[in-house]
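What follows is a short report on a single structure.
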Amino acid sequence: VELALERDLRKRVIEYRKDACSPSLQTIWDEELSYYLEPALAAYESDRVIGHTFGNEDFQDCIRRAVPDGHQFKGFPICFGHTDIAQIR
């Protein structure tokens with residue numbers, strides 16, 4: 001379910017950006033950065049469940065090293081109580 005949801009979300013993001021922004025806009029996914037985000041999401045989930053975050057400093061260091069000079073990482077976790085791609089906006 002997780003892999004199918006990620007695949008469908010990526011497809012929806014690409015379609016949205018082409019339709020809403022520009023047909024020539026190219027979306028490129030950084031698999032290395034995605035790999036670094038996994039523990040951050042796990043830490044965020046543990047914070048919500050038990051009220052304590054583990055490894056936040058390590059995550060921040062990884063992101064600083066992964067993001068090229070002159071670029072910024074902007075993101076935030078979001079939670080849905082369903083897996084219906086059409087309802088995720």
Side-chain angles (χ1 to χ4, degrees):
V1 172
E2 179 183 342
L3 294 176
L5 182 61
E6 180 179 352
R7 180 196 63 231
D8 292 346
L9 278 171
R10 284 182 179 213
K11 181 179 176 186
R12 186 169 173 96
V13 166
I14 291 168
E15 290 170 356
Y16 173 81
R17 292 182 73 195
K18 282 186 179 181
D19 293 342
C21 300
S22 169
S24 63
L25 182 64
Q26 185 179 19
T27 303
I28 300 170
W29 301 99
D30 186 330
E31 297 303 328
E32 183 178 356
L33 187 57
S34 294
Y35 176 77
Y36 294 143
L37 291 175
E38 287 180 31
L41 292 173
Y44 176 78
E45 289 173 355
S46 73
D47 182 58
R48 294 294 174 237
V49 172
I50 63 173
H52 186 73
T53 303
F54 298 97
N56 192 40
E57 296 82 17
D58 293 336
F59 163 70
Q60 290 178 6
D61 288 340
C62 282
I63 297 302
R64 282 189 198 104
R65 286 191 304 268
V67 176
D69 289 341
H71 291 78
Q72 295 180 354
F73 172 78
K74 294 184 179 186
F76 59 92
I78 190 164
C79 181
F80 296 95
H82 59 80
T83 58
D84 184 357
I85 298 296
Q87 292 184 14
I88 297 175
R89 299 180 195 268

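Along the sequence shown, residues carry numbers from 1.
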Over all atoms of both residues, closest heavy-atom pair of R10 and S34: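 Where R10 meets S34 most closely, the heavy atoms are NH2-OG, 3.5 Å.
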Would you say [atom1] of [X] has more than 12 non-hydrogen atoms from neighbouring residues, nucleotides or ligands within 6.0 angstrom?
X   : atom1 : answer
F73 : CZ    : yes
E31 : CD    : yes
E2  : CD    : no

Audit row: T83, I88, side chain to side chain contact (heavy atoms under 4.5 Å, CB included) steps and yes/no: CA-CA 8 Å; T83 58; I88 297 175; over 6 Å; no
Transitive ILVMFWY cluster of I28, excluding itself - 4.5 Å side-chain cut-off: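 Its cluster partners, ordered by chain and number, are none at all.
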Side-chain hydrophobic cluster, 4.5 Å single linkage: members besides V13: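 In the cluster with V13 are I14, W29.
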Atom pair CZ (R7) and NZ (K11), whose distance is rounded to the nearest 0.5 Å: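 Here the interatomic distance stands at 8.5 Å.
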With sequence neighbours excluded, residues passing side-chain hydrogen bond (donor to acceptor under 3.5 Å, both in side chains) with [X]:
X   : value
R64 : D61
D19 : none
R17 : T27

Cluster overlap V67 with L37, hydrophobic side-chain contacts below 4.5 Å: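 Shared cluster, yes.
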Y36 and E32 side chains, donor-acceptor separation under 3.5 Å: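 There is such a pair (donor and acceptor under 3.5 Å, judged by atom type) between the side chains of E32 and Y36.
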H82: ring pair (Phe, Tyr, Trp, His ring centres under 6.0 Å) partners, not counting sequence neighbours: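 Once residues adjacent in sequence are excluded, the partners of H82 under the ring pair (Phe, Tyr, Trp, His ring centres under 6.0 Å) criterion are F80.
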